[in-house]
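This report concerns only the one structure given below.
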Protein chains: 2
Amino acid sequence: MEKELRRLPDSELEVMQALWELEEPICRAAVEEKLAQRRLAVTTLLTLLTRLSDKGFVRIEKDGRRSRYVPLVSRKDYQAAQSRRFVQQVCGGSISAFASALCDSGLSREELDELRRLLEEDAL
Amino acid sequence: MEKELRRLPDSELEVMQALWELEEPICRAAVEEKLAQRRLAVTTLLTLLTRLSDKGFVRIEKDGRRSRYVPLVSRKDYQAAQSRRFVQQVCGGSISAFASALCDSGLSREELDELRRLLEEDAL
DNA sequence: ATAGATGTACTACAAATGTAGAAGGAGACT
DNA sequence: AGTCTCCTTCTACATTTGTAGTACATCTAT
């Protein structure tokens, strides 16, 4: 971890989320299906995948006419990197500001308790 | 809280951070000084302040030739809103994914402990 | 081989973002 | 009053992001 990954724009992140949820090898149709609610034009999706490839987040494997899309960045690494970014950039690196923000974020008491519990476990 | 605040682009957020750290009334020069390391052209800073005003994050008070800048969104509200966004958008709303991300984020053991402690306190 | 279906590559374009020069108004100094 | 400063408003422009149409290659079923 600690990969210093750039933040992806919203649309591209949505595509990555879809890729992360799918089983490889991933074809365009599968991504499309996963993002069905978005109702993106096929070409739009292809554009986003190409941009993700340009940014090094995805490898496009040509298989004749078809293409396969392979995530090169793991969801875990991305989330970790962005968490760091968030604490630094939004909370100015202040853990107390971060904690307050979480408490006021609208997360339920249960969710906050769960978070605390998980942090405790991982601390072991 | 719960104000559903849009995410600000990096440059604008930096300016907001400066505003939040300054005492009102805030003049351009003060912001400039606070952001000295950025070495922004004066006009660039003014553009960013204007955009923040357009987005409702700042009120520009004319005082003759000078202008004063008043943050209309509190740092706390912004941080809370963005925390929510982060958990939803990046972690897909999964608290466990969020917890893992934090553990792998590069935050030190001490910082994670502090976070846990603060969440506990606030839970009371 | 031919026509329709499919899939990708190119091109396009508006809006948002990052950054800044040019121009013009209002005080300050002489 | 004339000029120098300082400040802000306008305008500008490259890049990024969101979204999609058009053109062309390939497959598939006649």
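Naming convention: chains lettered A, B, ... in sequence-line order (proteins, then strands); numbering from 1 in each chain.
Between the side chains of A:Q82 and A:R85, at least one donor-acceptor pair of N or O atoms lies under 3.5 Å.
Atom CD of B:E23 is surrounded by 12 or fewer heavy atoms from other residues, nucleotides or ligands within 6.0 Å.
Ranked by how close their nearest DNA chain D nucleotide is to the 5' end, A:R6 and A:T43 are led by A:R6.
When the P atom of D:dT8 is taken as reference, atom CG of B:L45 falls 9 Å away, rounded to whole Å. In this entry the distance linking CG of A:L46 with P of D:dT22 reads 16 Å, nearest Å. Summarising the geometry, the separation between CG on A:L40 and C1' on D:dG18 is reported as 9 Å, rounded to the nearest angstrom. To the nearest angstrom, P of D:dT8 lies 9 Å from CD of B:E32.
With a 4.5 Å cut-off on side-chain heavy atoms, A:R7 and A:Q89 count as touching. You'll find the side chain of B:R75 reaches within 4.5 Å of the side chain of B:Q17, heavy atoms only. With a 4.5 Å cut-off on side-chain heavy atoms, A:R28 and A:V42 count as touching.
Side-chain atoms of A:T44 and base atoms of D:dG18 include no donor and acceptor less than 3.5 Å apart.
DNA chain D is contacted by A:R51, A:K55, A:R65 of residues 49-67 of chain A, taking any non-hydrogen atom closer than 4.0 Å.
A salt bridge does not link A:E114 to A:R116: none of the charged side-chain nitrogens sits closer than 4.0 Å to a carboxylate oxygen. A salt bridge between B:R68 and B:E24 is absent, with no side-chain N of the basic residue lying under 4.0 Å from a carboxylate O of the acidic one. Using a cutoff of 4.0 Å between basic side-chain nitrogens and carboxylate oxygens, B:R84 and B:E4 are not scored as salt-bridged. B:E61 and B:R59 are joined by a salt bridge, as a carboxylate oxygen and a charged side-chain nitrogen come within less than 4.0 angstrom of each other.
Along DNA chain C, read 5' to 3', the first and last nucleotides having any atom under 4.0 Å from a heavy atom of chain A are C:dG7 to C:dA9.
At the phosphate of D:dT19, OP1 or OP2 sits under 4.0 Å from a side-chain N or O atom of A:S11.
Heavy atoms of B:R7 sit nowhere under 4.0 angstrom from any nucleic acid atom.
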